[in-house]
Asks: 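I am attaching a structure below and will ask some questions about it afterwards.
Below, all heavy atoms of this structure are taken into account, side chains as well, without hydrogens, waters or symmetry copies.
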Amino acid sequence: MACSLSTINPCSLFAYQPAVTAAAVFVRRDEPSRREFHSLCSRTDSRACKLRYRFNRLIRNCSSASPEVVVVEDEKYGNKHVISITPRLYNYILSNVRVPQILQQLQVETANMIGSVISEHSVSPDQAQLLAMIAQIHGAERCIEVGVLTGYSSLAVALVLPDSGRLVACERDATSLGVAKKYYELAGVLHKVTLKHGLAADTLKSMILNGEAGSYDFAFVDADKETYQEYYELLLKLVRVGGIIVFDDVLWDGKVADPMVNDAKTISIRNFNKNLMEDKRVSTSMVPIGTGLTICRKK
């Protein structure tokens with residue numbers, strides 16, 4: 001069993017597990033987590049010994065000839081193996097993603113936008129492919145996207161909608177929305193897209209007041225994290241029973257599982273994830289793709 005504790009620099013991080021005996025949670029190598037790790041090493045109780053064994057095994061395996069993945073064993077759920085995504089494995093995944101030429105062009109233009117970090121916030125090709133497939137499988141015709149940026153994910157979805165389909169694209173940045181509009185037009189799907197420039201919450205409230213509640217099949221959210229709960233409540237009114245709402249960034253680069261990270265965005269996502277878990281109005285599935293997607297189905 002080979003492993004790396006970091007998808008960027010294998011074996012550069014410590015494995016630290018404060019609560020769940022049989023699982024592993026990986027955190028960045030900051031001073032607090034290092035102190036916790038060394039404190040664990042000095043303890044002699046049986047729990048500490050068991051965790052120490054797991055840490056030593058992980059670190060020892062990192063020095064093997066092929067440091068490819070972290071394999072996590074969780075006795076609580078039947079010792080299932082779950083692998084991490086390393087750069088080489090992710091490149092293999094991407095080599096198996098069919099990316100239309102127009103999306104490749106958009107990806108390049110987004111990456112080259114001067115002084116912009118927009119490309120870092122856009123969904124990955126494998127995420128876009130999954131979103132488009134969900135919309136297709138669901139037979140979606142009326143869709144909403146909150147946080148369009150330059151339009152990568154919304155274009156992927158618009159391309160698979162029927163000619164009579166409609167996608168409401170909400171974005172507050174005019175420059176990004178302008179790029180998105182350009183590519184909707186180049187792809188021949190502009191007639192399917194309704195552009196909404198401004199605050200998405202205001203747009204969604206206006207749609208509800210306009211009598212559109214319960215009329216949408218699919219929604220995707222990749223916007224300001226502190227507002228996820230508000231977007232969720234509004235979209236829950238707009239999608240029909242059986243409708244799908246997907247949220248991006250729910251794993252937030254792993255920060256949600258790091259007890260040492262407590263910035264406002266991370267806390268907001270943790271709270272949102274907890275609220276979704278407890279919300280009986282939807283069924284959910286958290287998918288570790290990109291920076292994490294949660295797929296919600298309205299009951």
Asks: Taking atom types as modelled, is there a side-chain donor on Asn275 or Tyr232 under 3.5 Å from an acceptor on the other?
Replies: no
Asks: Classify the side-chain pair Thr150/Glu109 by whether it contains a donor and acceptor separated by less than 3.5 Å.
Replies: no
Asks: Are Leu251 and Val123 joined in one hydrophobic group, where the rule is that I, L, V, M, F, W and Y side chains link up if heavy atoms are under 4.5 Å apart?
Replies: no
Asks: Are any non-hydrogen side-chain atoms of Lys182 and Leu106 less than 4.5 angstrom apart?
Replies: no
Asks: Please report the shortest heavy-atom distance between Leu234 and Ala201, naming the atom on each side.
Replies: CD1-O, 3.8 Å
Asks: Looking at CG of Leu204 and CG of Leu209, how far apart are the two atoms once the value is rounded to the nearest 0.5 Å?
Replies: 11.0 Å
Asks: Please check if the side chain of Lys237 supplies one atom and the backbone of Ile208 the other of a donor-acceptor pair under 3.5 Å.
Replies: no
Asks: Is Arg281 close to Lys299 at the side-chain level, that is, under 4.5 Å between some pair of heavy atoms?
Replies: no
Asks: Under a 3.5 Å cutoff, is there a donor and acceptor pairing between the side chains of Tyr228 and Asn271?
Replies: no
Asks: Taking all non-hydrogen atoms of both residues, which atom of Ala132 and which atom of Val160 are closest, and how far apart?
Replies: O-CG2, 3.7 Å
Asks: What closest approach, in Å, do Ala169 and Val193 show between heavy atoms, and which atom pair accounts for it?
Replies: CB-CG1, 3.9 Å
Asks: Donor-acceptor pair, distance only, cut-off 3.5 Å: does the side chain of Lys280 make one with the backbone of Glu278?
Replies: no
Asks: Hey, any chance Ile269 and Leu293 share a hydrophobic cluster, counting ILVMFWY side chains that come within less than 4.5 Å of each other, even indirectly?
Replies: no
Asks: Evaluate the criterion side chain to side chain contact (heavy atoms under 4.5 Å, CB included) for residue pair Tyr216 and Leu235; output intermediate values, then yes/no.
Replies: CA-CA 9 Å; Tyr216 288 86; Leu235 289 169; over 6 Å; no
Asks: Can you list the steps and then say if Ser215 with Glu212 is a side chain to side chain donor-acceptor pair (under 3.5 Å)?
Replies: CA-CA 6 Å; Ser215 67; Glu212 298 179 48; 5.0 Å; no
Asks: Between Asp224 and Glu226 (side chain of the first, backbone of the second, donor and acceptor by atom type, cut-off under 3.5 Å), is there such a pair?
Replies: no
Asks: Go through Asp217 and Arg240 one step at a time and tell me if the salt bridge (charged side-chain N to carboxylate O under 4.0 Å, His left out) criterion holds.
Replies: CA-CA 6 Å; Asp217 307 302; Arg240 61 175 173 82; 2.8 Å; yes
Asks: Do the side chains of Ile245 and Tyr231 get nearer than 4.5 Å, heavy atoms only?
Replies: no
Asks: Walk me through whether Val250 and Val256 qualify under side chain to side chain contact (heavy atoms under 4.5 Å, CB included).
Replies: CA-CA 8 Å; Val250 295; Val256 289; over 6 Å; no
Asks: Decide if atom OH of Tyr92 counts as having more than 12 heavy atoms of other residues, nucleotides or ligands within a radius under 6.0 Å.
Replies: no
Asks: In terms of hydrophobic clustering (I, L, V, M, F, W, Y; side-chain heavy atoms under 4.5 Å; direct or indirect links), are Leu130 and Leu167 co-clustered?
Replies: yes
Asks: Just by distance, do the side chain of Arg270 and the backbone of Lys255 share a donor-acceptor pair under 3.5 Å?
Replies: yes
Asks: Do the non-hydrogen side-chain atoms of Phe218 and Val239 ever get within less than 4.5 Å of each other?
Replies: no
Asks: Give the cluster check for Leu159 versus Leu195: same hydrophobic cluster or not, with ILVMFWY residues linked at side-chain heavy-atom distances below 4.5 Å.
Replies: yes
Asks: Say you draw a straight line from CG of Asn210 to OG1 of Thr203; how long is it, rounded to the nearest 0.5 Å?
Replies: 12.0 Å
Asks: Please find the pair of heavy atoms, one from Ser84 and one from Leu89, that lie closest to each other, and give the distance.
Replies: O-CD2, 3.7 Å
Asks: Between the main-chain N or O of Ala264 and the side-chain N or O of Ser268, is there a donor-acceptor pair closer than 3.5 Å?
Replies: yes
Asks: Could you state the interatomic distance from CD (Gln127) to CG (Asp249), rounded to the nearest 0.5 Å?
Replies: 7.5 Å
Asks: Report yes if the side chains of Trp252 and Val261 come closer than 4.5 Å at any heavy-atom pair, otherwise no.
Replies: no
Asks: Under 3.5 Å, side chain of Lys298 to main-chain N/O of Leu236, donor-acceptor pair present?
Replies: yes
Asks: Got a sec: does the NZ of Lys181 have more than 12 other heavy atoms crowding it under 6.0 Å?
Replies: no
Asks: Hydrophobic clustering (ILVMFWY, side-chain heavy atoms < 4.5 Å, transitive) - are Leu155 and Ile144 grouped together?
Replies: no
Asks: Which pair of non-hydrogen atoms, one from Phe220 and one from Ser153, has the smallest distance, and what is that distance?
Replies: CE2-OG, 3.6 Å
Asks: Does Asp222 use its side chain to pair, donor to acceptor, with the backbone of Gly147 at less than 3.5 Å?
Replies: no
Asks: Between Gln129 and Val97, is there a donor-acceptor pair closer than 3.5 Å when you use the side chain of the first and the backbone of the second?
Replies: no
Asks: Give a yes or no answer on whether the side chain of Lys192 reaches the backbone of Ala158 with a donor-acceptor pair at less than 3.5 Å.
Replies: yes
Asks: Distance from Met277 atom CE to Thr294 atom OG1, nearest 0.5 Å?
Replies: 10.5 Å
Asks: If you take all heavy atoms of Cys170 and Ala200, which pair is closest and at what distance?
Replies: CB-CB, 4.0 Å
Asks: With a 4.5 Å limit on heavy-atom distance, are the side chains of Glu171 and Ser154 in contact?
Replies: no
Asks: Say you draw a straight line from CZ of Arg172 to CG of Leu149; how long is it, rounded to the nearest 0.5 Å?
Replies: 10.0 Å
Asks: Rounded to the nearest 0.5 Å, what separates atom CZ in Phe247 from atom CD in Gln229?
Replies: 8.0 Å
Asks: Would you say His138's side chain and Gly242's backbone share a donor-acceptor pair under 3.5 angstrom?
Replies: yes
Asks: Are Thr175 and Met113 packed together at the side-chain level, in the sense that at least one heavy-atom pair is separated by less than 4.5 angstrom?
Replies: yes
Asks: Counting C-beta onward and ignoring hydrogens, is there a side-chain heavy-atom pair between Ile295 and Ile244 closer than 4.5 Å?
Replies: yes
Asks: Any side-chain donor paired with an acceptor under 3.5 Å for Thr227 and Glu230?
Replies: no
